[in-house]
2 protein chains.
Amino acid sequence: MILNKTTEYAFTILGFMATREEEMYSAEYLHDQLKIPRRYLRRLLTDLTKHGFLKSSLGRNGGFVFAKELKEINFQMVLNALEGSDALTTCFLGFSCCVVDHPCVMHDTWVEARSKMIETLTNTSLADLREKYQRDIAKNIPTI
Amino acid sequence: MILNKTTEYAFTILGFMATREEEMYSAEYLHDQLKIPRRYLRRLLTDLTKHGFLKSSLGRNGGFVFAKELKEINFQMVLNALEGSDALTTCFLGFSCCVVDHPCVMHDTWVEARSKMIETLTNTSLADLREKYQRDIAKNIPTI
DNA sequence: TATAAATGCTATAAAAAGGTAGTAGTTTAT
DNA sequence: ATAAACTACTACCTTTTTATAGCATTTATA
């Protein structure tokens, strides 16, 4: 498994919010649109707020907006916030004693493959997602 | 999370067996060497046997040996056997409706990053691991 | 031939992840 | 005043993953 469900949900939510035009998104609306379980979604939104990706506003007509510029949020940051920095850095062969000075036999191969992935996650911001979405729409490409 | 624990254990076991010189490995010996929980390890070994990676022999002095040439076992095969082929192919943004004809906005980016990883897993066989291990030993590089 | 050291099978327990429910409270637009 | 939002906390349920246990079977060997 590459990502756990919670992280995947977070990506779904942020990706959705980044590509759509609403000013503000309520938990209820996101639930309707994305079919993520209601209560779980709410907890996750609170979590994303605490991590500084979103800002919440209380009261009627309240909801969630981005707390930063879209270009300042990338997928690596989100993954890191939700799964911790270990998520992409543990030894491939599962040896806890595998470190740079005393690597396992798969170390270099794995570091290389993994760093490609980390690079992609780091280099892709929500702003990139939004741009791509708008380009696709303009070209009439069916897009989610 | 990249891999679940069971898969990681499998990689540990196969990597260990591939680089060492024993003819046969008992569960008890592997437990001693690798500190994988005894009973769980045994089930996993049986599982790897059922999947055709290992052959078991019963009775006293029994144990496990490889069922194929080392070069015929790569990490992608093992991952696939233990986690299913979905493990590396689901939509990054978590949209079940994301398919080639109707991709999500991250689709291409993710497919590219992922295929690099799949390539690495596919191109690395246990024979490669063994070779690397022996080269490292010869060069006096500390290796696990 | 009895025994010890192996694996095979199946059931069950424990831990982690994912998900639901309730209650009480705060904030704010209308 | 009310309704529609979010916050916080607690408890509980379900599913999946990880781990343990008991008993059966196989086989070398003393």
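First the proteins, then the strands, lettered A, B, ... as listed; each starts at 1. Scope of the values below: all heavy atoms of this structure, side chains included, with no hydrogens, waters or symmetry mates.
- Remark: A:K116 engages no residue in a side-chain hydrogen bond (donor to acceptor under 3.5 Å, both in side chains) (not counting sequence neighbours).
- Counting to the nearest Å, the P atom of D:dA19 and the CG atom of B:L45 are 14 Å from each other.
- Atom CG of B:L82 and atom P of D:dT16 are 18 Å apart (whole Å).
- A search for side-chain hydrogen bond (donor to acceptor under 3.5 Å, both in side chains) contacts involving A:T124 returns nothing, not counting sequence neighbours.
- At whole-Å resolution of the value, CG in A:N4 and C1' in D:dT17 are 13 Å apart.
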Acceptor/donor pairs from residues 60-68 of chain A side chains to any protein atom, 3.5 angstrom cut, sequence neighbours excluded:
none

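- In the hydrophobic clustering, where aliphatic and aromatic side chains (Ile, Leu, Val, Met, Phe, Trp, Tyr) are joined below 4.5 Å either directly or transitively, B:V111 stands alone.
- Residue B:T46 places at least one side-chain N or O closer than 4.0 Å to OP1 or OP2 of C:dG8.
- Computed from coordinates, the B:K5 NZ to C:dA17 P distance equals 10 Å when rounded to whole Å.
- In terms of the side-chain hydrogen bond (donor to acceptor under 3.5 Å, both in side chains) criterion, residue partners of B:D128 (sequence neighbours excluded) are, by chain and number, B:S125.
- A search for side-chain hydrogen bond (donor to acceptor under 3.5 Å, both in side chains) contacts involving A:N74 returns nothing, not counting sequence neighbours.
- Between B:S56 and C:dG8 there is a side-chain N or O to OP1 or OP2 distance below 4.0 Å.
- Of the residues in residues 22-41 of chain B, those with a non-hydrogen atom less than 4.0 angstrom from any atom of DNA chain C are B:S26, B:A27.
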Quiz prompt | Contact state string [nucleotides 24-30 of chain C, B base, S sugar-phosphate only, - no protein heavy atom under 4.0 Å] | solution = ---BBB-

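- Considering only residues two or more places apart in sequence or on other chains, A:L58 meets the side chain to side chain contact (heavy atoms under 4.5 Å, CB included) condition with none of them.
- OP1 or OP2 of D:dA8 sits under 4.0 Å from a side-chain N or O of A:K50.
- Salt bridge absent: B:R20 and B:E22 never bring a charged side-chain N and a carboxylate O closer than 4.0 Å.
- A heavy-atom distance below 4.5 Å is found between the side chains of B:T109 and A:T120.
- With sequence neighbours excluded, no residue forms a ring-ring contact (aromatic ring centres under 6.0 Å, His included) with A:F53.
- One atom, CZ of A:F64, and another, C1' of D:dA4, lie 13 Å apart when rounded to the nearest Å.
- The base of C:dT10 is not paired with the side chain of B:R43 by any donor and acceptor separated by under 3.5 Å.
- Within the structure, every pair that satisfies the side-chain hydrogen bond (donor to acceptor under 3.5 Å, both in side chains) test and touches residues 32-54 of chain A, not counting sequence neighbours, is listed here: A:T6-A:Y40, A:E28-A:R38.
- Listed in residue order, the members of residues 7-19 of chain A having a heavy atom less than 4.0 Å from DNA chain D come to none.
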